[in-house]
Amino acid sequence: MNIAALVSGGVDSSVVVPLLKEQGYNPHIFYIKIGMNDNGDEWDCPSEEDVEITTWIAKKYGCKFDIVDLQREYFDRVGRYTMDTVRKGLTPNPDVMCNSLIKFGAFEEKAGYTFDRIATGHYARQWQDDDGICWLGTANDPVKDQTDFLGRLSYHQLSKAMFPIGHLPKSEVRRLAEKMNLPSATRHDSQGICFLGKINYNDYIRKYLGEREGDIIELETGKKLGRHKGFWFHTIGQRKGLRLGGGPWFVIKKDIDENIIYVSKGYDPEAQYASTIPLADLIAMNPAITLADGQRIRFKIRHTPEFNTGTLKLTPQGADIVSDTPISGVAAGQFGIIYHETEPVVLGSGVIC
């Protein structure tokens with residue numbers, strides 16, 4: 001089998017290579033260059049250390065190694081998606097779109113199409129059943145599970161995906177990296193938006209959308225509490241960064257036309273919670289899955305180890321998730337990932353609207 005291994009220099013993707021070698025494969029290692037250079041419309045995202053580590057791993061295991069430059073594709077697809085979503089007052093998820101549009105999208109178009117499988121360091125599982133249908137399943141480590149970042153993959157992308165560490169807990173991945181003397185063994189996990197590296201998210205937004213001051217108003221009383229720099233810097237459920245005293249304060253809703261942020265301390269908990277989560281652009285992970293009206297499901301609307309439970313109600317727009325318990329911080333523009341009620345299987349996803 002001809003395998004492309006996407007290695008970023010982090011511990012998770014680094015361990016993928018020796019695991020594949022142990023299984024008898026000889027992966028072709030690729031480092032995807034997506035950090036934006038500081039030339040006009042782009043940013044500087046240093047990648048020298050990542051490339052050095054990845055080059056070292058390729059030499060250690062005798063693998064071919066290439067750097068694929070997808071900076072323009074990242075800016076055009078994920079960057080513009082992020083800015084367009086924020087500009088509409090919605091909450092984007094660049095990490096989800098990076099997987100579908102870049103790692104399994106633009107890379108496939110530029111180099112991955114010549115390979116049978118594309119292996120990554122995601123904590124997830126993929127397998128084929130007896131009928132040859134591919135499935136996406138949760139990782140054995142519930143804390144590190146990343147299926148919520150993979151729920152928008154097309155079926156073609158899922159069929160080519162390979163997740164060699166999905167059956168391992170993070171502690172074991174670290175132990176293997178140390179045992180193999182990999183230079184990434186003690187590196188901290190990356191944080192923030194996929195491939196933005198050291199770029200601050202608010203700085204990224206500020207560069208493209210600028211600032212526009214508006215009022216921060218208490219939802220229950222209508223009292224003006226302060227000013228903000230633009231509704232696009234704030235997301236539903238946000239607590240930090242409001243610079244208000246006497247909190248904690250939470251962002252409850254936004255008036256896009258008037259550039260107003262409404263916040264609450266929790267005097268009106270009903271305004272902070274929702275039991276019905278409307279989804280548009282509903283997709284199933286494979287052709288064998290039928291998302292049925294009244295189906296009992298588990299689901300996630302953000303990256304957490306815990307699942308919520310509820311019922312799926314089909315609508316002309318897509319579906320509503322009717323949660324068994326009210327959920328806070330439901331943000332339009334984010335994704336609702338739908339899981340089987342009892343099995344560790346991803347059924348599909350939709351965009352919260």
Side-chain angles (χ1 to χ4, degrees), residues 1-34 51 54-55 57-70 73-74 77 96-140 145-147 149-168 173 176 180 182 194-195 283-289 344-346 348-349:
M1 188 181 294
N2 201 13
I3 298 176
L6 305 187
V7 180
S8 65
V11 64
D12 297 326
S13 60
S14 295
V15 170
V16 162
V17 176
L19 289 181
L20 289 173
K21 295 289 284 190
E22 288 177 1
Q23 295 172 32
Y25 301 118
N26 188 31
H28 186 143
I29 297 174
F30 289 92
Y31 176 85
I32 298 180
K33 187 177 181 183
I34 302 182
V51 173
T54 306
T55 302
I57 291 170
K59 289 180 178 178
K60 175 180 175 65
Y61 292 101
C63 299
K64 291 182 180 178
F65 171 54
D66 284 297
I67 297 174
V68 178
D69 189 342
L70 297 178
E73 288 84 352
Y74 182 78
R77 301 182 190 188
V96 171
M97 301 310 287
C98 182
N99 286 320
S100 62
L101 299 179
I102 302 298
K103 291 180 181 178
F104 295 99
F107 173 76
E108 164 83 5
E109 297 163 14
K110 190 166 275 193
Y113 66 92
T114 64
F115 293 86
D116 299 312
R117 305 291 288 274
I118 298 173
T120 69
H122 285 102
Y123 285 87
R125 291 178 297 142
Q126 186 264 31
W127 68 89
Q128 276 191 352
D129 63 20
D130 293 339
D131 296 321
I133 299 295
C134 295
W135 297 79
L136 177 64
T138 55
N140 282 354
D145 178 68
Q146 293 175 304
T147 50
F149 293 141
L150 299 164
R152 298 301 284 180
L153 295 186
S154 69
Y155 182 64
H156 171 72
Q157 291 172 332
L158 175 61
S159 67
K160 289 193 68 169
M162 195 175 193
F163 308 118
I165 66 170
H167 64 292
L168 299 174
V173 171
L176 288 173
M180 298 166 181
L182 301 183
C194 175
F195 290 109
I283 64 170
M285 291 307 300
N286 70 40
I289 294 172
V345 173
V346 183
S349 67

[X] side chain near [Y] side chain, heavy-atom distance below 4.5 Å:
| X | Y | value |
| --- | --- | --- |
| R125 | P344 | yes |
| F30 | V7 | no |
| K110 | E73 | yes |
| F149 | M97 | no |

Could you go through the side chain to side chain contact (heavy atoms under 4.5 Å, CB included) check for I133 and Y155 one step at a time?
CA-CA 10 Å; I133 299 295; Y155 182 64; 4.0 Å; yes
Hey, can you tell me if W127 and W135 have their rings parallel, tilted or perpendicular (30° and 60° cut-offs)?
parallel
Taking atom types as modelled, is there a side-chain donor on H122 or N99 under 3.5 Å from an acceptor on the other?
yes
Polar side chain donor-acceptor pair, S349 to R152, under 3.5 angstrom:
yes
Qualifying salt bridge (charged side-chain N to carboxylate O under 4.0 Å, His left out) pairs, either residue in residues 14-30, two or more places apart:
none
With a 3.5 Å distance limit and no angle check, can you tell me whether [X] reaches the backbone of [Y] through a side-chain donor-acceptor pair?
| X | Y | value |
| --- | --- | --- |
| Q126 | G137 | no |
| D12 | V15 | no |
| T54 | V51 | no |
| N2 | F115 | no |
| R117 | A161 | yes |

Hey, what do you get for [atom1] ([X]) to [atom2] ([Y]), rounding to the nearest 0.5 Å?
| X | Y | atom1 | atom2 | answer |
| --- | --- | --- | --- | --- |
| D66 | I32 | CG | CD1 | 12.0 Å |
| F104 | S159 | CZ | OG | 10.5 Å |
| M180 | L176 | CE | CG | 4.5 Å |
| H28 | L6 | NE2 | CG | 10.5 Å |
| F163 | L136 | CZ | CG | 6.0 Å |
| K60 | S14 | NZ | OG | 11.5 Å |

Least distance between heavy atoms, [X] atom then [Y] atom:
| X | Y | result |
| --- | --- | --- |
| Y123 | L168 | CE2-O, 3.6 Å |
| G121 | I165 | O-CD1, 3.2 Å |
| I283 | L153 | CD1-O, 4.3 Å |
| D145 | A139 | OD1-N, 2.8 Å |
| C98 | Y74 | SG-CE1, 4.1 Å |
| G105 | R77 | C-NH1, 4.3 Å |

Between I3 and D116, does a side chain to side chain contact (heavy atoms under 4.5 Å, CB included) hold up when you go through it step by step?
CA-CA 6 Å; I3 298 176; D116 299 312; 5.9 Å; no
I need the single residue from N26, L20, I29, V17 that forms a side-chain contact (heavy atoms from CB on, under 4.5 Å) with Y61. Which is it?
V17
Could you please spell out the steps behind the side chain to side chain contact (heavy atoms under 4.5 Å, CB included) verdict for F107 and V68?
CA-CA 8 Å; F107 173 76; V68 178; 4.0 Å; yes
If you apply the rule side chain to side chain contact (heavy atoms under 4.5 Å, CB included), what do you find for T120 with M162, and how did you get there?
CA-CA 6 Å; T120 69; M162 195 175 193; over 6 Å; no
With side-chain hydrogen bond (donor to acceptor under 3.5 Å, both in side chains) as the test, pick out the partner of E108 among K103, K160, Q157.
K160
Pair S8-S13, side chain to side chain donor-acceptor pair (under 3.5 Å): steps then yes or no:
CA-CA 6 Å; S8 65; S13 60; 3.3 Å; yes
